[in-house]
Amino acid sequence: MPVRYQEKDRAAVVTGVGGWVPPHVVTNEDLSARLDTSDEWIRTRTGIRTRHVISPGMATSDLAFEAGRRALASAGDPEIGAVVLATTTPDRPCPATAPDVAARLGLVGVPAFDISAVCAGFLYGLATAAGLIASGTARQVLLIGADAFTTIVDPKDRSTAVIFADGAGAVVLRAGQADEPGAVGPVVLGSDGRSAHLIQVPAGGSRQRSRSRSCDPGDEFFQMEGRETFRQAVERMSTTSRQAVEAVGWTLGDIDRLAAHQANARILKAVADRLAIPAGNQLSNISRVGNTGAASIPLLLAQSAENSSLTAGHRVLLTAFGGGLSWGAATLTWPRLPAS
Ligand code: UT7
């Protein structure tokens with residue numbers, strides 16, 4: 001049922017968070033046994049020690065469901081008016097995965113759709129959820145970021161197989177006021193399709209159809225030009241972070257916690273250095289979970305809230321960069337959550 005538009009409650013306010021990773025852990029030693037790589041290379045070049053990988057039969061919707069369920073519980077199981085799922089690895093090309101996840105969560109009848117913005121998907125989803133709330137389409141939105149990157153990465157490609165992993169994170173947002181804890185500040189987004197080739201799965205879409213079964217070798221897999229992606233990630237996340245902080249009226253010195261997309265520990269350090277954010281104010285879980293795509297930021301928020309490195313009152317800067325190219329940043333003051 002459409003909600004009644006209320007002028008005064010137009011901001012999106014975080015009321016719950018949840019994260020989930022599949023139980024199966026893959027270590028650097030496991031990867032070194034089947035790839036020309038080493039624990040030392042992976043640790044020093046990426047900061048990753050372990051990652052979680054889905055088991056046979058499991059799909060992105062399973063990850064999304066579990067993270068969504070936890071976020072709803074954390075928010076006190078509110079009445080949800082829309083479900084947004086950011087993912088690059090939907091269960092199938094058509095239809096979207098969000099309606100399936102919504103139905104499994106008992107949310108039949110609400111609008112539910114996917115967002116495709118690769119590793120920036122959660123921030124694109126945040127802007128979309130905020131828009132659904134501001135327009136009066138929904139008063140409470142479940143936003144999930146979930147990816148099973150190991151299903152599209154070439155297991156023989158050492159430059160991507162050691163980085164990308166599987167997981168999910170979610171937040172619940174409700175209509176509220178811009179000056180209350182949990183309110184999401186202006187979400188700054190950007191894209192540059194001229195460099196789409198840097199991060200892509202060339203086949204399986206309308207250009208190289210999966211039906212033809214004749215795509216170029218390797219084109220069914222995720223491909224990334226690491227070095228240039230690295231450079232762009234540092235530049236875009238730093239610049240857009242400054243814009244988001246300025247848009248909300250803060251300074252970089254106000255930031256208590258940086259929650260950046262966990263792409264590579266060296267990227268995280270370079271971004272934090274550029275923004276002059278001290279090491280103690282940077283949230284990180286990359287050593288344990290790797291790069292989980294659209295799940296990265298909400299999973300980081302959930303795990304950081306759980307281990308108390310993120311607590312009520314912290315002023316948080318979120319930023320992400322990924323394929324498209326696409327990027328974004330936003331701010332929020334971490335709220336006191338009902339179930340925390
Ligand atoms: O999620 C959003 C977007 N993704 C990112 O932001 C990721 C961005 N890129 C990266 O994180 C890094 O570029 C990588 C981790 C992918 C690669 O690290 P790098 O330090 O940029 O290495 P490189 O690509 O410059 O390669 C250096 C060397 C090469 O060997 P040669 O040509 O110097 O002999 C690679 O072949 O390292 C080699 N190499 C590896 N060696 C051992 C690449 N991957 C591996 C590996 N193990 N897994």
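We count ligands from 1, going down the list as the structure has it; atoms in each ligand are counted the same way. Every value quoted in this text rests on a predicted model; they were computed, and no experiment measured them.
If you check the side chains of Thr89 and Thr60, you find a donor sitting under 3.5 Å from an acceptor. Side-chain polar atoms of Ser296 and His261 form a donor-acceptor pair below 3.5 angstrom.
For atom 24 (O) of ligand 1, the candidate residues are Gln232, Glu40, Arg227, Gln262; the nearest heavy-atom contact is made by Arg227. Of the options Trp41, Trp327, Phe230, the smallest heavy-atom separation from atom 43 (C) of ligand 1 is shown by Trp41.
In terms of N/O distances under 3.5 Å, ligand 1 is approached by Asn291. The shortest N or O to N or O distance between Gly226 and ligand 1 is below 3.5 Å. For Thr46, no nitrogen or oxygen atom sits less than 3.5 Å from a nitrogen or oxygen atom of ligand 1, counting backbone and side chain alike.
Judged by the shortest distance from any of its heavy atoms, Ile163 lies inside the 4.0 Å radius around the atoms of ligand 1.
For atom 28 (C) of ligand 1, the nearest protein heavy atom lies 4.0 Å away or farther. Not a single protein heavy atom sits closer than 4.0 Å to atom 31 (P) of ligand 1. Taking a distance limit of 4.0 Å, we find that atom 9 (N) of ligand 1 is approached by some protein heavy atom.
Nearest protein heavy-atom neighbour of atom 47 (N) of ligand 1: Thr37 OG1, 2.6 Å. Residue, atom and distance of the protein heavy atom nearest to atom 11 (O) of ligand 1 are Asn264 ND2, 2.7 Å. Residue, atom and distance of the protein heavy atom nearest to atom 48 (N) of ligand 1 are Arg158 O, 3.0 Å. At the shortest separation from atom 19 (P) of ligand 1 among protein heavy atoms lies Arg45 NH1, 3.7 Å. Closest to atom 5 (C) of ligand 1, if we only count protein heavy atoms, is Thr229 CG2, 3.6 Å.
For the pair Arg104 and Phe65, the cation sits on the ring face: its NZ or CZ lies under 6.0 Å from the ring centre, inside 45° of the axis.
Within 6.0 Å of the CZ atom in Arg49, the count of heavy atoms belonging to other residues, nucleotides or ligands does not exceed 12.
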